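All remarks here apply to the structure that follows.
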Amino acid sequence: MMVTALDGPRALTAVEIDDPVADETTLLVDVHAVGVSFPDLLLTQDRYQYKPDLPFVLGGEVAGIVRSAPDGSGFSPGDRVVGLTGVGGAMADVVALSPDSTFPLPDTVSMSGGAALLFNYLTVHFAFVHRGRLEKGDSVLVHGAAGGVGTAALTLAPNLGASRTIAVVSSEEKAAYVRSLGASDVVSTDNWRDEVHAITGGRGVDVVVDPVGGDRFTDSIRSLATGGRVLVMGFTGRDIPSVKVNRLLLKNASVVGVAWGSWWAEDPGRLSSQWSELAPLLASGALTVPEPTVYPFEAAADALLDLEHRRTVGKSVLTLR
Ligand SMILES: NC(=O)c1ccc[n+]([C@@H]2O[C@H](COP(=O)([O-])OP(=O)(O)OC[C@H]3O[C@@H](n4cnc5c(N)ncnc54)[C@H](OP(=O)(O)O)[C@@H]3O)[C@@H](O)[C@H]2O)c1
């Protein structure tokens with residue numbers, strides 16, 4: 001599924017290309033499912049921070065079955081795996097993956113669940129553990145809570161010690177969905193600041209996960225408890241907000257940037273250290289990945305347009321096999 005022009009999702013084109021060639025450093029994987037994320041949409045519109053040369057294959061994460069693996073990689077043909085291709089390369093029938101960014105998919109997780117896993121859960125794990133210093137008993141407010149990053153934040157936070165998760169969503173359908181994922185409280189995008197004030201008894205929250213930006217931002221800072229942190233994840237609302245830093249001073253508050261991709265690119269070994277913390281949670285069932293919204297591979301453009309127009313509930317995945 002190739003981006004041949006930066007004209008948005010409709011310019012995606014299904015093309016025939018040769019399979020990647022196996023070498024001594026990469027695994028070949030038959031792709032069963034591919035994760036679809038907001039950055040994929042931004043890439044089709046030339047709005048992402050990374051700008052691959054045209055044409056390029058879209059997509060960053062897959063779940064599939066190993067076709068071939070180099071000796072000593074720890075993988076064998078037939079293994080169920082999930083893997084990251086980086087910026088682009090995943091929306092394909094067969095992909096070449098580095099062993100550093102490939103992980104065994106636990107039997108408890110389906111192929112479509114696997115394709116919904118790495119990008120968002122590792123991002124959110126990085127955000128909570130390395131950037132947000134989430135502590136046992138913290139309360140967490142999640143904007144865009146029914147989205148990909150949002151659902152990962154809602155389901156991972158309790159496993160990392162959060163005592164309460166408050167989901168911000170824009171529709172009744174999304175509200176029902178985040179309730180089904182165990183959100184402690186659900187508030188509406190229309191009136192969320194007042195509702196958060198009321199349900200926290202005026203204290204505010206310890207951590208805000210913000211993939212939306214725009215006009216949510218100042219009210220997110222206002223909604224922090226003393227010592228609270230706003231995690232800057234992205235800008236689905238398009239506008240990039242500014243901070244009046246006196247608001248931070250008044251509450252010993254922090255605004256913290258989260259750039260998971262550039263963090264692990266500095267040292268791919270960081271991925272396996274993150275995975276070693278997530279895998280036991282998945283294997284024991286303490287962490288369950290919600291089943292994503294599934295589209296056929298050929299409907300990649302529809303999946304991206306649904307993200308753009310806020311129609312998607314949960315993470316989106318394309319299936320090939
Ligand atoms: N920092 C990192 O390392 C990192 C890693 C991965 C992704 N990201 C970023 O995180 C953001 C979220 O990605 P995602 O895959 O979770 O996206 P997603 O599944 O589309 O979810 C985004 C949510 O944002 C909300 N939203 C509010 N205003 C919107 C608008 N104008 N257009 C679209 N959505 C809007 C929607 O919820 P409501 O309708 O309920 O408001 C939607 O559910 C993106 O900006 C992405 O680039 C950052």
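Atoms within each ligand, like the ligands themselves, are counted from 1 in listed order. Residue numbers count from 1 along this sequence. This one's a predicted model, so the numbers in the text were calculated from it and none came from an experiment.
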What do you reckon, does [X] have a nitrogen or oxygen under 3.5 Å from a nitrogen or oxygen of ligand 1?
| X | result |
| --- | --- |
| Asn120 | no |
| Val258 | yes |
| Val149 | yes |
| Lys174 | yes |
| Tyr48 | no |

In the protein, which heavy atom is nearest to [atom], and how far is it?
| atom | answer |
| --- | --- |
| atom 33 (C) of ligand 1 | Arg310 CG, 3.5 Å |
| atom 13 (O) of ligand 1 | Phe38 CB, 3.4 Å |
| atom 19 (O) of ligand 1 | Gly148 N, 2.8 Å |
| atom 45 (O) of ligand 1 | Phe235 N, 3.4 Å |
| atom 23 (C) of ligand 1 | Gly144 CA, 3.8 Å |
| atom 3 (O) of ligand 1 | Trp260 N, 3.0 Å |
| atom 21 (O) of ligand 1 | Gly147 CA, 3.4 Å |
| atom 47 (O) of ligand 1 | Pro39 CG, 3.4 Å |

Just let me know how [X] lines up against ligand 1, side chain, backbone, both or neither, with a heavy-atom cut-off below 4.0 Å.
| X | result |
| --- | --- |
| Phe119 | side chain |
| Arg311 | neither |
| Thr236 | both |
| Thr123 | side chain |
| Met233 | backbone |

Q | Within the 6.0 Å centroid threshold, strictly below: His130 and Trp260 | A | no

**Q.** Close-contact set for ligand 1 against Gly234 heavy atoms, below 4.0 Å
**A.** 45 (O)

Q | Asn120 side chain reached by Thr151 side chain, heavy atoms, under 4.5 Å | A | no

(Q) Counting C-beta onward and ignoring hydrogens, is there a side-chain heavy-atom pair between Met1 and Leu318 closer than 4.5 Å? (A) no

Q) Knowing that exactly one of Tyr121, Trp264, Trp263, Phe119 qualifies, which makes a ring-ring contact (aromatic ring centres under 6.0 Å, His included) with Phe126? A) Trp263

Q) So Val243 and Ile221, side chain to side chain contact (heavy atoms under 4.5 Å, CB included) or not? Walk me through it. A) CA-CA 9 Å; Val243 186; Ile221 295 172; 3.9 Å; yes

Q. Does Thr312 come within less than 4.0 Å of ligand 1, judged by its heavy atoms?
A. no

Q: Could you walk me through whether Trp192 and Ile166 pass the side chain to side chain contact (heavy atoms under 4.5 Å, CB included) test, one step at a time?
A: CA-CA 10 Å; Trp192 67 271; Ile166 305 174; over 6 Å; no

**Q.** Residue Glu277 excluded, over 12 heavy atoms near CD under 6.0 Å
**A.** yes

**Q.** Tyr50 vs Ser262, side chain to side chain contact (heavy atoms under 4.5 Å, CB included): CA-CA, chis, key distance, verdict
**A.** CA-CA 11 Å; Tyr50 301 108; Ser262 48; 3.8 Å; yes

(Q) Under 3.5 Å, is there a donor on one side chain and an acceptor on the other for Ser188 and Asn191? (A) no

Q | Salt-bridge present (Arg179, Asp185; N to O < 4.0 Å) | A | no

